Every structure is written in C-alpha cells, then in structure tokens.
Q: 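Quick one: the structure is below, questions incoming.
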There are 2 protein chains.
Amino acid sequence: MPKQVDHGERRRQIGAAVCRLIATKGLDAVSLRHVAAEADVSMGRVQHYFATKDELLMFAFELISERVAARLGAVHSDDPATYLRAILLELLPLSPAARAEAPVLAAFLAQAVVEPRLGQPLREGNDEMVTWLAGMITAVRPGGDPRRDAMALLAFVDGLMLQVLIGQVTPAAAEDLVEHQLSRVLTCG
Amino acid sequence: MPKQVDHGERRRQIGAAVCRLIATKGLDAVSLRHVAAEADVSMGRVQHYFATKDELLMFAFELISERVAARLGAVHSDDPATYLRAILLELLPLSPAARAEAPVLAAFLAQAVVEPRLGQPLREGNDEMVTWLAGMITAVRPGGDPRRDAMALLAFVDGLMLQVLIGQVTPAAAEDLVEHQLSRVLTCG
DNA sequence: TGTTTTACGATGCGTTCGCATTGCAAAACG
DNA sequence: CGTTTTGCAATGCGAACGCATCGTAAAACA
C-alpha cells in the first residue's frame, strides 16, 4: 500500500474546501468536481474519502459546527457579563474566522428548513446555547425568566448575523446593537 | 393567434409553483422540469413565459416579496403599540399564509449572502421596515434611539422566524417572546 | 376568408452531474 | 522478497440539467 496517510486530516482538508465553496458560491455550487478543484486534488480522491455527496456535505456541516464550537470554547472571562457579551459577539461575523464561517452556517441554516437531518443537530446546539446563556444571565441578574431572555438573545444574534452577512448592518453597528440589547436585558429585568 | 391570455397571471401561476417548490424542497430543487410538473404545465410553457431560469427565480423572489408586503399592508390598528406588535407577529410564520412564505424568504435570504442581486432589494425592504418600526416606537415611547431599537427588533424577529422554521421554537413560544421583547423595548427606554 | 401572430408542445443538443468501475504504483507486511 | 493491501487517478455511464429550435393549432386581424 502507499504511504499511510492521516485519514481524518485528508477528510478535513476536503471538507474545508467544501466550506470555502459554500461561503463564496453557495450550497448549490458544491459538486464533486468543484470541490476537487477547490481542494486542488483529483475527483477520485474526493470520492475515495467520501462515499457520497451527502456524506461530504454532512461532514462539512460537522466541520464548521466544530469550528464554531472551538471558537466559542476559546472565549473566557471571570466576569459573567463580560463573558456573556464576548460569546454573543463571537457568534457574529466580526473576526476573520467568524466571517469565513458565518456564510456557511447561514447556508446550512436555510437548508435545515427543508432538511430535517440538519435541523436536529442545530436544535441541540441551540438548546445548549440557551441553557448556557440562561445561566450567565442568572449569574448577572438573578430572577426573572432567564431562559426566555436567553432565547430572545439567541434569536437576536442569529438574525443580526444574517443582517451583517447581507450587508444590511455593519460590524460596528452590530457590536453596538449587541451592547445595547444586552444592557437592556441585564439592567431592566 | 390562440386565446389571448393574461400574461401576468400565467407568470404568477408559474412563480407560485416555484415558491411552493422552494418551500418544500429548497432552492436547489428548482429546475425547469420540476417547476413545470409542480405547476402542472408543460416545460415549454415555462420557457415561454421565462427566458431563463434566473429570470424565473428573480420573479419568484419578487412574488413572495409582494405577498409579504401585501400581508403587512393588510395589518391595521389605531393604537401604535398594538399596530407594532401585529406587524412583528405578521413577520413570523404563525398564520398559514406566513408559514407558506417564510421558508421561501429564508431560502432567498441565505442565497442573498452569496448573490448580491438579492441583497439589494432585501436591504431596501429592511430599511423601510426599520424606518416604520422606529416611527411606531417613537409614537409609543418618545425619545431614546428608536432606530437602534427598530434594528434590534427586526434582527430579533428575523432570527426568531428561522428558529420557528427549524422547529427550535414553537409558534406559541415565539408569540410570547415577541410580546416580552416588545414590552421591554417600549417600557424601559 | 386569408393572413398573421400568438401560445405553446415536442424534441434534441451539449453540458454537467453523482456515482461505479477499473487499473495501477507504492508501501506495509509476512 | 514476494504478496497483499492501500490510496488514489482515470474513465465511463446514465440521468438530469438549461436552453435552443421547430412545428402547429388556433384566434385575432385585415
């Protein structure tokens, strides 16, 4: 057999090419040939690592999910209010990394509307997020209905992400909106 | 020539089929043949009324935009607060009509991320909406930064629409969230 | 009534798609 | 050192795609 290669690494390289393609041309620009070209490998290699196109797309979805999770996991703060704000800002396409990932997330989010298999993991991720947010809200401002506020905040940043992506809201304005929205939730319980 | 036919009406029939297809199977399920089948007409007819697939999709986009605008235009109230709440709720997939249109909007919204030609009309519509919302907010609660609150509210309902569409939030919960969010904006300026 | 124009239906073309198949060089392994 | 297994590249296939072309029935118009 030829040189033993890191199977997972190769899959991640190809998956990254899929994400780049989705971010720049949209989900329907993803074809095996385009992916191969974007990853600068042969189409046979793509097929070697992914049995079907569906498997390829699912892997790309897991890949960006993990990337976003990693980015969120890298955020830290001892002050709950600061922590909370940092996480919300991390969900927006403000940093270069987030700007690369957000369009991909948006594409999969829209696809989830008509593809239940994407909806489930998204719901689970959101649920986790809501629980975490609610905990932080409680830490800053006990009482009220933290879970409701958490859901509202999450819907808010999700919508804001899209607005930034389509150029409706500038990154700076988005930051300001998050700040304002957060202060309202945290001060007038 | 054969029976003179209402050109616009035929285009709207086909455009409606496109919207139905997008709502149930997603944007990439839209092909001339599928559209023809969904509209129960021949493919030749579809081509007769739309020179290219792109023109067909653009028309479908204008069609749902007009439908949403019509739905919003049908909302009336003398009380600004009631009016404001009614409009926000109308943006969510709560009524059967809105439930049919929201998935189509979501699909085009995601497409707008990678297709500037969709982004422009969406931005204009959102801008109008923000201005209107800001006016209503001022009418209820003068002072503050009504435009900022309007943008925040719009981002919130946009995100909430998606959450409802992917089954993350029930229509009842969405209604409750809007109520709560609105009261916060209107009472603690 | 003849002519023209409209509204299609039908068919075909070239391309691209996902996927299956085949072949083979190279390294791991006994 | 030979065998086996792995990692691919190449090619081909049938289906579906957007779009162009052609033919024609029928109604409006002269």
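Source: prediction; values computed, not measured. Chain naming here is simple, since letters A, B, ... match the order of the sequence lines and numbering starts at 1 in each.
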Q: Rounded to whole Å, please give me the gap between CE in A:Met43 and P in D:dG12.
A: 14 Å

Q: Could you label the plane-to-plane angle of the B:His48 and B:His7 rings as parallel, tilted or perpendicular, counting under 30° as parallel and over 60° as perpendicular?
A: perpendicular

Q: Would you mind reading off the distance between B:Phe50 atom CZ and D:dA20 atom P, rounded to a whole angstrom?
A: 16 Å

Q: With DNA chain C as reference, determine whether B:Arg45 or A:Ala29 sits nearer its 5' end, using the nearest nucleotide of each.
A: B:Arg45

Q: Categorize A:Val30 for me: base, sugar-phosphate, or nothing, with a 4.0 angstrom heavy-atom threshold over every strand shown.
A: sugar-phosphate

Q: Is the phosphate of C:dA7 approached by B:Gln4 (side-chain N or O, under 4.0 Å from OP1 or OP2)?
A: yes

Q: Under 3.5 Å, side chain of B:Glu55 to main-chain N/O of B:Ala51, donor-acceptor pair present?
A: yes

Q: Taking OP1 and OP2 of D:dA15, is either one under 4.0 Å from a side-chain nitrogen or oxygen of B:Arg33?
A: no

Q: In whole angstroms, how far is the P atom of C:dA7 from the CG atom of B:Asp6?
A: 11 Å

Q: Rounding to a whole Å, what distance do you find between B:Asp28:CG and C:dC17:P?
A: 13 Å

Q: Can you find a side-chain donor-acceptor pair between B:Arg147 and B:Thr131 that sits under 3.5 Å?
A: yes

Q: Quick one: which of C:dC19, C:dC8, D:dA20 gets closest to the side chain of B:Gln47?
A: D:dA20

Q: Quick check: do B:Met151 and A:Gln168 have side-chain heavy atoms less than 4.5 Å from each other?
A: no

Q: Starting at atom CD1 of A:Ile14, determine the distance to atom P of D:dG7, rounded to an integer number of angstrom.
A: 12 Å

Q: Would you say D:dC17 has OP1 or OP2 under 4.0 Å from some side-chain N or O of B:His34?
A: yes

Q: May I have the distance from B:Lys53 (atom NZ) to C:dT16 (atom P), rounded to whole angstrom?
A: 15 Å

Q: Atom CG of A:Leu56 and atom P of C:dG18: how far apart are they, to the nearest Å?
A: 9 Å

Q: Going by heavy atoms in the side chains, are A:Asp149 and B:His180 under 4.5 Å from each other?
A: yes

Q: Rounded to whole Å, please give me the gap between CG in A:Leu32 and P in C:dG18.
A: 4 Å

Q: Would you mind telling me which residue lines up with the more 5' stretch of DNA chain C, A:Ala51 or B:Arg10, judged by nearest nucleotide?
A: B:Arg10

Q: Please state whether the phosphate of D:dA16, meaning OP1 or OP2, lies under 4.0 angstrom from any side-chain nitrogen or oxygen of B:Ser31.
A: no

